[in-house]
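Naming: A, B, ... by sequence-line order, numbering from 1 per chain.
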Amino acid sequence: VRVLGVRWGGSPRGDGFERFYRAHYAPVVRLAYALAGSRPVAEELAQEAFVTAHARWSDVGDFDRPDLWVRRVVINRSISYRRREATERRVLEQLHDRHDDGVCVDGDRGDDELWAAMRELSPRQAEALALFYVEDQPISEVARILGLGEETVKTHLKRGRTALAAKLTSRAER
Amino acid sequence: MSEFDRRLHHAARELRERPVDVPPLAALGIDTSPRRTSQMPAVLAASVLVLGGLVVFATGRAHFDQSGRPAEIADVVAVAAPTPTAADRMRDPIVRRVATLSPHDEIVLVSATRQAAVAVSNDESRSPGAHVQRAPRWS
């Protein structure tokens, strides 16, 4: 209930936000992992996204789908991290003449080679693949989160799959 | 389904099933305790206090104005003061002091003063040269 611009009854930053956080934290961490490549970094990015959501909960909580909003935030942060990390890696390679295949090893099991190859795709292709496969979101939701048309998402998925398969084949042949 | 598609689906399912611990909100520096979140905003609380004060003040003023006491007090002062000039000088401060009293104290004080003024007036009206030209309005 809003009176004089103040929400009364229930706590806007209490139960509602906590339920939202508990329901979406884990899938958001997994999405960040697929895009950023490191479990600790993924957790950090997800937590930052939820802290941002909490700070703006008076607005975000009124959204039709705040879960889509927080995914958009974590995608943006993951892509920014990836760009930063790629730049740092290039600098380190130049400094130490070090070879790095881009695989982030942080103790996680699973197909790290596949996720590492996916992070070499264009950001849009990686985002579309992560949302569609990791999050298991339908095309319509992927389109809403990325702010794209459904046909455009389908194109990114198709090209992303093709490019990913080529990268994995190339890695296998090395 | 190609070998690549199977690998992609399997990797995605494996990632979805990977357990993720959900840290408490406090670990993120977020406090959602009811005490803090249901607290009335400070600005609104201050506004309520100011508005409440104004209502009490206005009610008190209305009570005082409707009581007709300033006129009565002016008459008492006119009788009790040694000269008309002194009465003019004393009247307003006394009226202001009486206005600060509670309604009960005000009634007691004015009643007692009225009786004293009537007694003084009666004495002076019998004395030639008394400076009081008019009798108190109460009777």
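Atom CG of residue B:L25 and atom NE2 of residue A:H54 lie 7.0 Å apart, to the nearest 0.5 angstrom. Of the inter-residue distances, the one linking B:L28 atom CG with A:Y25 atom OH reads 7.0 Å to the nearest 0.5 angstrom. Here the straight-line distance linking atom CG of A:L129 with atom CG of B:L8 works out to 6.5 Å at 0.5 Å rounding.
Cation-pi contact between B:R16 and A:Y133: absent, since separation from the ring centre below 6.0 Å together with deviation from the ring axis within 45° is not met.
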**Item:** Residue pair A:W115, B:L15: steps toward the side chain to side chain contact (heavy atoms under 4.5 Å, CB included) verdict
**Value:** CA-CA 10 Å; A:W115 301 122; B:L15 185 54; 3.7 Å; yes

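Per-residue counts of heavy-atom pairs under 4.5 Å with chain B were compared for A:T169, A:L31, A:D136; the largest is that of A:D136. Listed options B:S2, B:G29, B:P23, B:A12 were ranked by heavy-atom pairs under 4.5 angstrom with chain A; first place goes to B:P23.
Listed by sequence position, A:R161, A:L164, A:A165, A:L168 are the residues of residues 150-168 of chain A in contact with chain B, using a 4.5 angstrom heavy-atom cutoff.
Looking at B:D21, the atoms closer than 4.5 Å to chain A (heavy atoms on both sides) all sit in the backbone: N, CA, C or O. For A:V29, the part lying under 4.5 angstrom from a heavy atom of chain B is the side chain only. In this structure, the portions of B:R7 lying under 4.5 Å from any heavy atom of chain A include both its backbone and its side chain.
Counting heavy atoms of neighbouring residues, nucleotides and ligands inside a 6.0 Å radius, atom NE2 of B:H9 exceeds 12 of them.
At a threshold of 4.5 Å between non-hydrogen side-chain atoms, the residues A:F17 and B:I30 count as touching.
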